[in-house]
Protein chains: 2
Amino acid sequence: MSIPVWTALPTATLRVDAGFRLDDVDADATPGFEGDKATGKAELASRRKVLSDLQERLYAESRAGEAEDGVLLVLQAMDTAGKGGIIRHVVGGVDPQGIELAAFKAPTAEERAHDFLWRIEKRLPRPGFIGVFDRSHYEDVLIARVHALTDASEIERRYDAIVEFERTVVASGIRLIKVMLHISPDEQKKRLMERLERPDKHWKYNPGDVDERLRWPDYMAAYQTAIERTATPDAPWYVVPANSKWYARLVVQELLIAALEDIDPRWPAADFDVEAEKKRLAAS
Amino acid sequence: MSIPVWTALPTATLRVDAGFRLDDVDADATPGFEGDKATGKAELASRRKVLSDLQERLYAESRAGEAEDGVLLVLQAMDTAGKGGIIRHVVGGVDPQGIELAAFKAPTAEERAHDFLWRIEKRLPRPGFIGVFDRSHYEDVLIARVHALTDASEIERRYDAIVEFERTVVASGIRLIKVMLHISPDEQKKRLMERLERPDKHWKYNPGDVDERLRWPDYMAAYQTAIERTATPDAPWYVVPANSKWYARLVVQELLIAALEDIDPRWPAADFDVEAEKKRLAAS
């Protein structure tokens, strides 16, 4: 972590603890960060190499068959909150060969015929990789609850199923980082309006976005419950103020760096005789 | 294409035509490019945005359900020729959300039980996406031939099967760019030696690399035949001199840009009433 831009680590300040209230989160704030947008952008650029180097070591372990650990970043958010920007500007800063990205849209008929975790499990990252979920199994307790796509008892069952599922994921060696990008309704209105005003952004707009927006309080209640029920010590939630895009990106970058530092991947040792190979190569 | 760094477009100069002889390709050369390494690196950086913008338009079409076309970059090369660097520095310059990357290793038992194209077909990019194959079905006529993993008549059959397969791929709307990164044996020796000399590169080295190196002439003969037999007007091969990494990266970036310019993706038009939506949004 560079000094002195952070006065408190986002791994600590933004981590959901007991008594968490989503209502209390200020989407405009930049907790723990001393500095403005320009400082934040410079920091994002300078930390990119740190993340990239750690990722390369992890990937090296996987290529050597030594990787036991992986990382999974779960991104959840209301529309326009900046998931795409995180993927482009943070995830995009590392070698694509080490990334496994999965975007979960509305489930297909085949997926609906299975348990809601069926399609999720298939996309878990392999050891040595950084998996990124653009939406996830949490949609099954968010949109599913807000739109009453299933009955309340099934939603209840799912919270417990998620906790159990994530326990097995973490036990398999995956560092799980669950992020909710949190914007305010006013900020969303501004961003949606920009999409309407710019023809090159029309493709990002869907009239359904306004319908969902009208259910904002229902979504916040669904997030509150989902987060409360599934934030565990090993599978923590981070609620990241995201009205400032640069801040949210910086935080997610730091969360990834912290997870990789925790894995502490090392360059694999040679499993061959280096000097003998130098001779063979020289003679070839 | 920016002026004046290119005197001749790599889409033309490096494209394999009738009478092509791999032996005649100078791996040290930088055909058509006027400028040194520094100029090349600056050009790579400045063209990144062009590629990225084109890719975003293509992706927008796919999100709008309007994309009919895609791109598939096939990368083939001897060890150390720079496939990884192309993926990291060229492909890594575009939004990961629009990339579908597939690395083909030695086939699994399940894959071997099927026709050699079975695993390939499953990884073809969807419309709107840029697919990248790190190795490909060409291994089945390269390593398979050099190591006599199958008999000669099956190799013969495969050349024709590849041409037929690629015809259907192209007919489906995929721009197919087949690239052989071409290095010299001396350059490979230098790069392998560097991997042996740096402990942080040992993971990239495998004693089998020297065994393969000793079969260099066999591989070149296999490449010559594979390229001759499968270079078609719609599924061209580009043999890219790759002793200068910066040059090979620049060329592949230009090939991708040219393919996307040929698709000419446009921002999708709104399929909703923009003014009505502005009012709905303002009232929400």
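The chains referred to below are lettered A, B, ... by the order of the sequence lines, with proteins before strands, and numbering in each begins at 1.
Highest contact tally toward chain A, considering only B:A270, B:P96, B:P199, is held by B:P96 [criterion: heavy-atom pairs under 4.5 Å]. The candidate from A:V94, A:D200, A:V274 with the greatest count of non-hydrogen atom pairs under 4.5 Å with chain B is A:D200. Between chain A and the residues B:A64, B:A282, B:G92, B:G98, the largest count of heavy-atom pairs under 4.5 Å involves B:A282.
Of all residues spanning residues 101-109 of chain A, those with a heavy atom less than 4.5 Å away from chain B's heavy atoms are A:L101, A:K105, arranged by number. For residues 126-133 of chain B, a heavy-atom distance under 4.5 Å to chain A picks out no residue at all.
Counting non-hydrogen atoms of neighbouring residues, nucleotides and ligands closer than 6.0 angstrom, the NZ atom of B:K122 exceeds 12 such neighbours. Within a 6.0 Å radius of NZ in A:K41, other residues, nucleotides and ligands contribute 12 heavy atoms or fewer. In A:K201, the NZ atom is crowded: over 12 heavy atoms of neighbouring residues, nucleotides or ligands sit closer than 6.0 Å. The number of heavy atoms from other shown groups lying within 6.0 Å of CD (B:E68) does not exceed 12.
Ion pairing between a basic and an acidic side chain is recognised when a charged N comes within 4.0 Å of a carboxylate O; B:D211 and A:R280 show such pairing.
Residue A:L196 touches chain B through both its backbone and its side chain, counting heavy-atom pairs closer than 4.5 Å. Only the side chain of A:D134 has a heavy atom closer than 4.5 Å to any heavy atom of chain B. In this structure, no portion of B:A276 lies under 4.5 Å from any heavy atom of chain A. Both the backbone and the side chain of B:I87 come within contact range of chain A, each with at least one heavy atom under 4.5 Å from a heavy atom of that chain.
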Practice prompt. Show the numbers, then the answer: is there a side-chain contact (heavy atoms from CB on, under 4.5 Å) between B:R213 and A:L281?
Written response: CA-CA 9 Å; B:R213 178 175 162 73; A:L281 176 60; 3.8 Å; yes
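Within the 4.5 Å cutoff, the side chain of B:P207 has heavy atoms near those of the A:E277 side chain. Counting only heavy atoms from C-beta outward, the side chains of A:R88 and B:S52 approach each other to under 4.5 Å.
Not a single donor-acceptor pair under 3.5 Å links the side chain of A:K278 to the backbone N or O of B:M193.
Ring geometry, B:W267 versus A:W203: the interplanar angle falls under 30°, so the pair is classed parallel (tilted spans 30 to 60°).
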